[in-house]
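Owing to the predicted nature of the structure, the values given are computational and were not obtained by experimental measurement.
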Amino acid sequence: MGDHLILGKRYEYNNDFFDQPLDLGFVKLCQVGELFCESGFQVDAHNQTVYEISYIVTGKGTFITNGKECQVSPNDIYINRLNQTHAIRADCGVPLRYCYLAFTFCDEKVDASLRPLQEFYSKGTEEITRDNKDLLLLFTDIFRELQTQDRYYLKVVENCVSRIIIDSCRLFQRDPRTRTFPVFSEHGLGSAVYTVVRYIDQHYKEITDIRDVAKELGYSYTYLAHVFKDKMDMTIGTYIIHKKMEEAKELLRTGRMNVSQVAERLNYMSVQSFSNSFKKVNGISPAEFISGRQKRPKA
C-alpha cells in the first residue's frame, strides 16, 4: 500500500507504522487498514518488503502476484510474501472493499512452537483461501483500539494481530479428513450437541439448508433435530438465525457496513428478508437499530 492511492477511493483507513513498527510479541506490525475503492480502481504494482494478509469484505477484484492473476470475492483471504511484485484491480462495475495487515516476524521471539507458522509465511506457495472464522471482526477490533488508544490498547491489538496471522495459517492448512465427531449415545449427547453448536458457530453464514448440517456431520437429521431442540430449547434453524443476528448487530454497531452489505454478507436473498429476521429477533428494524431508537425486544 502507498500514499499515492488518492483517486478512486471511497475511503481508506490506513495506519502506517513502517517508520517505527509496533512491537507485538513475535511480530512487528508495519501497517493495518481498510480500503474501499471504486470499480476499476487499481493499486499499482509494488514490491513486497513485508508479509501481507488481505481480507475481502465486499465486491470482487483481481490480485496480481508476480504476474499471476487471482480472482477474489467476499471472505477470501489472500497472502503476499516477501519480494513478490503485487498489484490489485477492482472489477469493473463492482466496488472492492478489503482489509489488510502487513507485518514482519521478530526472529528472536519466534520459539519452536511458532517456527511452522513462520515457515508457512516465508516458504509457503499457497495464496488464497476462504475464511470461516470471520477475520473482519478482528480487524474491526484493531481499528477501534487504534482509534481509542487507552492504556490497554496495544495488548488488545497484539492479541487480534496474532489471531489474524495464526487463524489465516490454520485456514490454509486445515484438513477436513481429520475431523471426527462424537456419536449420539446416552453418555455422548452433550458433546455431540456441542459439536453441532460449534459447527454452526463457524459456518452459519454459509448454511442455506439446515439438513446440510446433519449431512456434513454424519448424523441423522431427524434425530439431530430432536436432540438439539431438547438440549438447546430451540430449533437448529432458530439457532442459526440468532447467530446471524448477533453478527448483524455487531457489524451495524461498528458502522463499517450498511444494511444491504450486512444482508449480503449473511447470505440473505434480499434486504427485506434480512430486515424481517432482524426485527423478529430484536424487536426493531435494522434502520431503528442504527439510528439508536432502541425498543425493548419482544419476549
Side-chain angles (χ1 to χ4, degrees), residues 1-5 11-35 43-57 63-66 72 76-88 97-129 131 133-173 254 256:
M1 306 299 299
D3 293 335
H4 65 286
L5 302 179
Y11 65 76
E12 182 174 20
Y13 177 62
N14 181 32
N15 299 274
D16 188 337
F17 308 109
F18 276 101
D19 291 339
Q20 191 173 356
L22 296 183
D23 190 343
L24 302 177
F26 67 92
V27 297
K28 291 185 177 181
L29 180 62
C30 301
Q31 189 178 34
V32 62
E34 180 180 336
L35 175 62
V43 176
D44 295 338
H46 55 280
N47 184 59
Q48 287 292 135
T49 60
V50 295
Y51 302 102
E52 187 168 11
I53 300 172
S54 299
Y55 178 84
I56 311 305
V57 182
F63 277 44
I64 307 164
T65 300
N66 293 338
V72 296
D76 280 345
I77 300 170
Y78 194 91
I79 305 293
N80 279 110
R81 296 177 168 87
L82 301 183
N83 301 317
Q84 293 180 331
T85 301
H86 178 51
I88 301 171
R97 179 184 170 206
Y98 64 96
C99 300
Y100 50 87
L101 174 72
F103 65 96
T104 59
F105 286 96
C106 299
D107 293 336
E108 66 276 11
K109 297 182 181 179
V110 177
D111 59 23
S113 67
L114 292 172
R115 288 195 189 105
L117 180 72
Q118 185 179 31
E119 290 179 0
F120 164 76
Y121 284 99
S122 62
K123 300 179 181 180
T125 57
E126 294 179 283
E127 299 171 338
I128 188 169
T129 189
D131 172 41
K133 297 284 187 179
D134 196 2
L135 298 188
L136 178 61
L137 295 180
L138 291 172
F139 274 106
T140 299
D141 285 346
I142 292 173
F143 301 152
R144 181 173 58 246
E145 294 298 326
L146 290 175
Q147 289 177 325
T148 57
Q149 294 197 13
D150 67 6
R151 68 177 65 183
Y152 307 113
Y153 88 97
L154 273 180
K155 184 57 66 174
V156 177
V157 170
E158 177 181 340
N159 179 61
C160 291
V161 168
S162 298
R163 282 287 310 277
I164 290 172
I165 293 171
I166 292 171
D167 282 357
S168 295
C169 176
R170 284 172 167 171
L171 288 168
F172 276 92
Q173 297 180 339
T254 65
R256 307 192 74 84

With E145 via side chain to side chain contact (heavy atoms under 4.5 Å, CB included) - residues at least two apart: T148, D150, Y153, V156, V157
On a heavy-atom basis, the closest approach of R81 and Q84 is N-OE1, 2.8 Å
Could you check if a side-chain atom of I53 sits within less than 4.5 angstrom of a side-chain atom of F103, using non-hydrogen atoms only? yes
Using the ring pair (Phe, Tyr, Trp, His ring centres under 6.0 Å) criterion, which residues pair with F172? Sequence neighbours excluded. F120
Euclidean distance, I165 CD1 relative to I79 CD1, rounded to 0.5 Å: 9.5 Å
Partners passing side chain to side chain contact (heavy atoms under 4.5 Å, CB included) against N47 (at least two apart in sequence or in another chain): T49, N83
In the structure I gave you, are the side-chain heavy atoms of F63 and I128 within less than 4.5 Å of one another anywhere? no
Name all residues meeting the salt bridge (charged side-chain N to carboxylate O under 4.0 Å, His left out) criterion together with R97; count only those two or more places apart in sequence or in a different chain, and write none if there are none. E34
Listed partners of Y13 passing ring pair (Phe, Tyr, Trp, His ring centres under 6.0 Å), at least two apart: F143
Between C106 and K28 the two heavy atoms that sit nearest each other are SG-CG, 3.3 Å
Side chains of L24 and S162: closer than 4.5 Å at any heavy-atom pair? no
Check: V50 and F18 side chains under 4.5 Å, non-hydrogen atoms: yes
Can you run down the side-chain hydrogen bond (donor to acceptor under 3.5 Å, both in side chains) pairs that involve residues 103-117, sequence neighbours left out, and say none if there aren't any? D23-K109, D107-Q118, D111-S113
So do the side chains of F139 and V32 get within less than 4.5 Å of each other, counting heavy atoms only? yes
Given Y100 and V43, is the side chain to side chain contact (heavy atoms under 4.5 Å, CB included) satisfied, shown in steps? CA-CA 13 Å; Y100 50 87; V43 176; over 6 Å; no
So does F17 get a backbone contact from the side chain of Q20, meaning a donor-acceptor N/O pair under 3.5 Å? no
S168 and Y55: side chain to side chain contact (heavy atoms under 4.5 Å, CB included), yes or no, with the steps? CA-CA 10 Å; S168 295; Y55 178 84; over 6 Å; no
One pair to check against side chain to side chain contact (heavy atoms under 4.5 Å, CB included): V110 and L117. What are the steps and the verdict? CA-CA 9 Å; V110 177; L117 180 72; over 6 Å; no
Kindly compute the distance separating CG (L146) from CG (L22), expressed to the nearest 0.5 Å. 7.5 Å
Within this structure, what is the OG1-NE2 distance for the pair T65 and H86, rounded to the nearest 0.5 Å? 5.5 Å
Could you walk me through whether I164 and I142 pass the side chain to side chain contact (heavy atoms under 4.5 Å, CB included) test, one step at a time? CA-CA 10 Å; I164 290 172; I142 292 173; 3.8 Å; yes
The complete set of side-chain hydrogen bond (donor to acceptor under 3.5 Å, both in side chains) pairs with one or both residues in residues 119-129, sequence neighbours excluded, reads Y78-E127
Pair S54, N80: side-chain N/O donor-acceptor within cut-off below 3.5 Å: no
A side-chain contact here means heavy atoms from C-beta on lying under 4.5 Å apart; do I88 and V72 qualify? no
Output all residues satisfying ring pair (Phe, Tyr, Trp, His ring centres under 6.0 Å) with Y152, sequence neighbours left out; order by chain, then residue number. none
My understanding is that only residues two or more places apart in sequence, or in another chain, count here; which of them pass side chain to side chain contact (heavy atoms under 4.5 Å, CB included) with D141? R144, C160
How far does CG of N15 sit from CG of L29, to the nearest 0.5 angstrom? 8.0 Å
